[in-house]
Participant: 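Next up is a structure, given as structure tokens.
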Amino acid sequence: MGKQKKWTLEEKVKIVKEFKNGATISYLMKKYGIPSCGTVSIWNKKYDEGKLEVDNRGKRKEQPKIEDIDILKKSYALLIEIRSQQHK
């Protein structure tokens with residue numbers, strides 16, 4: 001598999017605006033060498049959502065942050081449970 005082209009935000013916006021002005025996806029694919037017809041559709045959707053500039057490729061999804069107090073509360077509850085079982 002070859003290395004994919006990294007499109008700049010300016011290039012993506014230019015292509016999306018051409019699409020919104022009536023250019024077909026197949027025309028844009030040929031003109032700019034876009035490998036997949038879904039690419040323009042995805043850019044268009046992200047442009048409408050205001051998320052076109054976000055690039056999450058290769059990044060892990062952020063894990064929910066656990067606060068220290070939550071860890072302490074769970075640890076304390078577990079300790080109380082263990083102690084109560086030991087006294088039986």
Side-chain angles (χ1 to χ4, degrees):
M1 182 166 26
K3 186 172 181 174
Q4 294 181 343
K5 179 180 180 349
K6 173 91 172 171
W7 300 89
T8 66
L9 177 60
E10 292 78 20
E11 290 171 324
K12 291 177 185 180
V13 169
K14 178 182 176 182
I15 293 167
V16 168
K17 286 184 178 180
E18 279 189 54
F19 175 68
K20 289 187 177 295
N21 286 330
T24 65
I25 291 178
S26 60
Y27 168 78
L28 295 170
M29 287 174 61
K30 290 175 189 169
K31 182 177 178 181
Y32 295 103
I34 300 169
S36 171
C37 61
T39 302
V40 176
S41 298
I42 291 168
W43 291 347
N44 184 51
K45 181 180 177 191
K46 286 184 177 185
Y47 180 85
D48 290 343
E49 295 171 350
K51 298 178 182 178
L52 186 59
E53 69 279 356
V54 179
D55 183 7
N56 290 325
R57 290 180 295 178
K59 297 178 185 164
R60 292 184 178 190
K61 292 190 178 185
E62 194 172 306
Q63 297 294 323
K65 189 174 181 181
I66 300 174
E67 298 292 329
D68 289 342
I69 191 73
D70 294 331
I71 294 170
L72 290 172
K73 285 178 183 178
K74 289 177 182 179
S75 299
Y76 182 73
L78 183 60
L79 177 63
I80 296 299
E81 183 181 329
I82 292 170
R83 284 190 172 174
S84 69
Q85 290 175 0
Q86 288 176 344
H87 291 292
K88 289 183 181 179

Participant: Nearest 0.5 angstrom please: F19 CZ to W43 CH2, how far?
Facilitator: 12.5 Å

Participant: With the side chain counted from C-beta on, respond yes when K31 and E18 share a heavy-atom pair under 4.5 Å apart, and no when they do not.
Facilitator: yes

Participant: Assess whether side-chain contact (heavy atoms from CB on, under 4.5 Å) is satisfied between K17 and Y47, documenting all intermediate values.
Facilitator: CA-CA 9 Å; K17 286 184 178 180; Y47 180 85; 3.6 Å; yes

Participant: Is a side-chain N or O of N44 found less than 3.5 angstrom from the main chain of V40, in a donor-acceptor match?
Facilitator: no

Participant: Can you get from L9 to I34 by hopping between Ile, Leu, Val, Met, Phe, Trp and Tyr side chains that sit under 4.5 Å apart?
Facilitator: yes

Participant: Mind checking the NZ-OH spacing from K5 to Y32? Nearest 0.5 Å is all I need.
Facilitator: 11.0 Å

Participant: Determine, using the 4.5 Å side-chain heavy-atom cutoff (strictly less than), whether L28 and I42 are members of one ILVMFWY cluster.
Facilitator: no

Participant: Report the distance from atom CD of E10 to atom CD1 of I15, rounding to the nearest 0.5 Å.
Facilitator: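 The distance works out to 11.5 Å.
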
Participant: Nearest 0.5 angstrom please: Y76 OH to E81 CD, how far?
Facilitator: 13.0 Å

Participant: Between CD1 of I82 and CD of Q86, what distance do you get to the nearest 0.5 Å?
Facilitator: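 So the CD1 of I82 and the CD of Q86 are separated by 7.0 Å.
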
Participant: Please check if the number of heavy atoms outside K73 that lie under 6.0 Å from its NZ is greater than 12.
Facilitator: no

Participant: Taking everything shown except D68 itself, do over 12 heavy atoms lie less than 6.0 Å from its CG?
Facilitator: no

Participant: Would you give the length of the straight line joining atom OG of S75 to atom CD1 of I80, rounded to the nearest 0.5 angstrom?
Facilitator: 11.5 Å

Participant: A quick test of your reading: do over 12 heavy atoms of other residues, nucleotides or ligands sit less than 6.0 Å from NZ of K20?
Facilitator: yes

